[in-house]
Amino acid sequence: MNEQALWQALGVALLFASLPLSAQAQEAARPSTLSEAIERASAVRLEARLGAVQVTAARARLKAAWASHYPQLGFSVDFRRIQRWDNFTGVTAEAMVPGYGPVQVDVSSSTPRNQIFPRLEANYDLYAGGRYAAGVRQAELQERSAQLDRHVIRQRIMFEVSSTWLKWRSRCIDWSSADAEAALSQRQLDLASQRHRAGRLSDIDWHAAQVAHEEKLRMRENRAEAVHSAYAEHAASIDNQPRQSVSVAGICRFKQPLRQDIGTALAPTFDSEVSRRHLYDIDIAREQVQIEKAADRPTVSLIAQYGHGARHDRYGELLPNMRRQEALIGIRVSWNLFDGFLSEARADAARADLERRRLERELHLARQKRRQQEGVGRQRDAGLAIALAQSRIELAIARRALAEERQRSGRANQLAVQESHVAEQLARNALDQAEIDQALARLEWQHADMLADVQP
């Protein structure tokens with residue numbers, strides 16, 4: 001191999017190395033079971049990470065709420081530059097001067113221009129109108145609500161992954177039926193062509209067979225597009241990553257039987273956690289009303305200060321003259337007499353928010369009840385479809401056995417037997433479809449509480 005050929009081969013290798021994962025590699029990397037898909041989605045989806053962050057934030061807010069129950073200790077430094085043009089203190093003294101008589105003297109004071117006061121300050125609220133206690137209760141409720149939100153997010157992920165997985169399998173069953181019908185149509189067209197060439201079939205009937213075959217092919221193509229769409233929707237429910245197109249046969253190759261996937265989807269049972277979250281929201285809003293009402297009550301605080309002070313006209317002499325000590329302890333009472341109706345407006349807003357939370361819960365319960373009724377109706381319809389599909393399977397089996405018997409006796413050809421096999425396959429596919437519809441209805445009924453929280 002010459003040098004030019006070597007460089008060409010190296011360039012081709014680098015080009016292939018830089019290409020993204022092939023469709024076959026992506027196909028091999030996708031979850032092979034519904035359980036794996038749920039676990040992967042729960043680990044990589046942003047909603048799950050968001051739930052964990054919300055819990056962390058709620059715990060931080062609870063810690064902040066408890067901080068108000070502890071004394072506050074701080075350090076402050078006051079520096080003042082004073083310029084006084086009038087040193088008269090407001091005091092007049094009278095003095096007796098021997099040989100002269102009484103003289104009035106105005107007493108003046110001299111204030112150093114520079115003053116510095118570093119001190120420690122401690123403050124503890126003995127009474128705050130119940131604001132701090134309500135804040136702690138509210139923060140505790142918010143933490144429990146955040147924990148519940150994380151469970152609700154987990155439920156939503158499980159529901160979305162399970163439902164898209166079952167819909168994906170449903171589209172694969174549709175494609176399987178269309179593929180079997182297309183194969184049978186091809187066999188029928190071949191036989192019609194043979195009969196047409198032999199002069200035993202008219203041109204109209206031969207063209208009708210061609211049109212029927214073309215219709216079956218178009219149906220198979222449409223069902224294949226539906227499979228790709230359902231597969232993309234399922235992939236988006238896991239990690240929102242695009243998938244390259246692969247063959248429909250490769251997409252519709254599942255590791256576990258359909259009944260096992262249905263059992264996995266319906267195995268978890270959940271309480272009405274979204275309804276519980278609405279109750280938490282109501283209690284949180286109620287505590288907010290108490291917090292806002294506390295603004296109209298007095299605040300009683302215990303205060304203490306200790307510091308040193310220095311005064312001098314020159315900056316450089318301040319620190320060496322830090323000799324004056326000062327200590328203070330006392331009780332401060334503060335009361336908001338008028339704030340432009342701000343506290344009243346905030347209390348009214350908190351009451352309105354509380355009423356809104358109550359109405360939202362009532363609306364949620366009404367939607368939940370409606371969705372449960374819809375789910376019960378769909379399950380009933382799916383049960384009837386299952387019974388009908390089972391009857392059709394029994395009939396298809398009987399017809400297939402009859403066709404095989406007639407073939408053995410020479411009264412039927414191979415095409416009739418193939419038609420009976422396809423009819424049996426279609427009947428079994430219809431049963432699988434009915435079971436998927438029943439599972440989806442059951443899944444939505446189980447998650448009616450969560451789905452009722454979504455705007456219709």
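For the numbers below, each heavy atom of this structure counts, side chains included, while hydrogens, waters and symmetry mates do not.
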Task: Straight-line distance of H234 NE2 to L166 CG, nearest 0.5 Å - done: 10.0 Å

Task: Cationic N near anionic O, under 4.0 Å, R371 to E374 - done: no

Task: Under-4.0 Å salt bridge between D381 and R378 - done: no

Open item on the list: Which residue in the set R154, Q155, H151, H278 passes side chain to side chain donor-acceptor pair (under 3.5 Å) when paired with E273?
Closed with: Q155

TODO: I would like to know whether E405 and R408 meet salt bridge (Lys or Arg N to Asp or Glu O under 4.0 Å); could you show each step before the answer?
DONE: CA-CA 5 Å; E405 179 63 27; R408 285 192 294 268; 2.7 Å; yes

Task: Salt bridge present between R358 and E362 (N-O < 4.0 angstrom) - done: no

- [ ] Quickly, which of H421, E424, Q418 forms a side chain to side chain donor-acceptor pair (under 3.5 Å) with R400? Name it, please.
- [x] E424

TODO: Decide yes or no for S170 and Q433: does some side-chain heavy atom of the first lie under 4.5 Å from some side-chain heavy atom of the second?
DONE: yes

- [ ] Could you tell me whether D78 and R119 have a side-chain N and a carboxylate O separated by less than 4.0 Å?
- [x] yes

Open item on the list: Show me the pairs that pass disulfide bond (SG atoms under 2.5 Å apart) and involve residues 361-434, at least two apart or across chains.
Closed with: none

- [ ] First locate atom CD of E444, then atom CG of L451, and finally report the distance between them rounded to the nearest 0.5 Å.
- [x] 6.0 Å

- [ ] Provide the closest heavy-atom pair for L201 versus A192 in the form atom of the first, atom of the second, distance.
- [x] CD2-O, 3.4 Å

- [ ] Salt-bridge test for D125 and R332: reply yes if a basic N is under 4.0 Å from a carboxylate O, no otherwise.
- [x] no

- [ ] May I ask you to decide whether D239 forms a salt bridge with R40, counting only side-chain N to carboxylate O separations under 4.0 Å?
- [x] no

Open item on the list: Return the CG to CD distance between D283 and Q142, rounded to the nearest 0.5 Å.
Closed with: 11.5 Å

- [ ] Nearest 0.5 Å please: distance from the CZ atom of R169 over to the CD1 atom of I436.
- [x] 7.0 Å

Task: Pairwise distance CG(L34) to OG1(T264) - rounded to 0.5 angstrom - done: 5.5 Å

Open item on the list: Looking at every non-hydrogen atom in both residues, tell me the closest pair between W168 and Y231 and how far apart they are.
Closed with: CZ2-CD1, 3.5 Å

TODO: Using the salt bridge (charged side-chain N to carboxylate O under 4.0 Å, His left out) rule, collect all pairs that involve residues 178-196, keeping only residues at least two apart or in two chains.
DONE: D179-R220, E181-K216

Task: R45/E160 ion pair, N-O < 4.0 Å - done: yes

Open item on the list: Students often mix this up, so state it plainly: with edges at 30° and 60°, are the rings of H69 and W66 parallel, tilted or perpendicular?
Closed with: tilted

- [ ] Determine which pairs satisfy ring-ring contact (aromatic ring centres under 6.0 Å, His included) with at least one residue from residues 365-415, sequence neighbours left out, and list them in order.
- [x] none

Open item on the list: Quick one, R356 with E360, criterion salt bridge (Lys or Arg N to Asp or Glu O under 4.0 Å). Give me CA distance, side-chain angles, the key distance, then yes/no.
Closed with: CA-CA 6 Å; R356 179 178 64 86; E360 285 179 349; 2.7 Å; yes

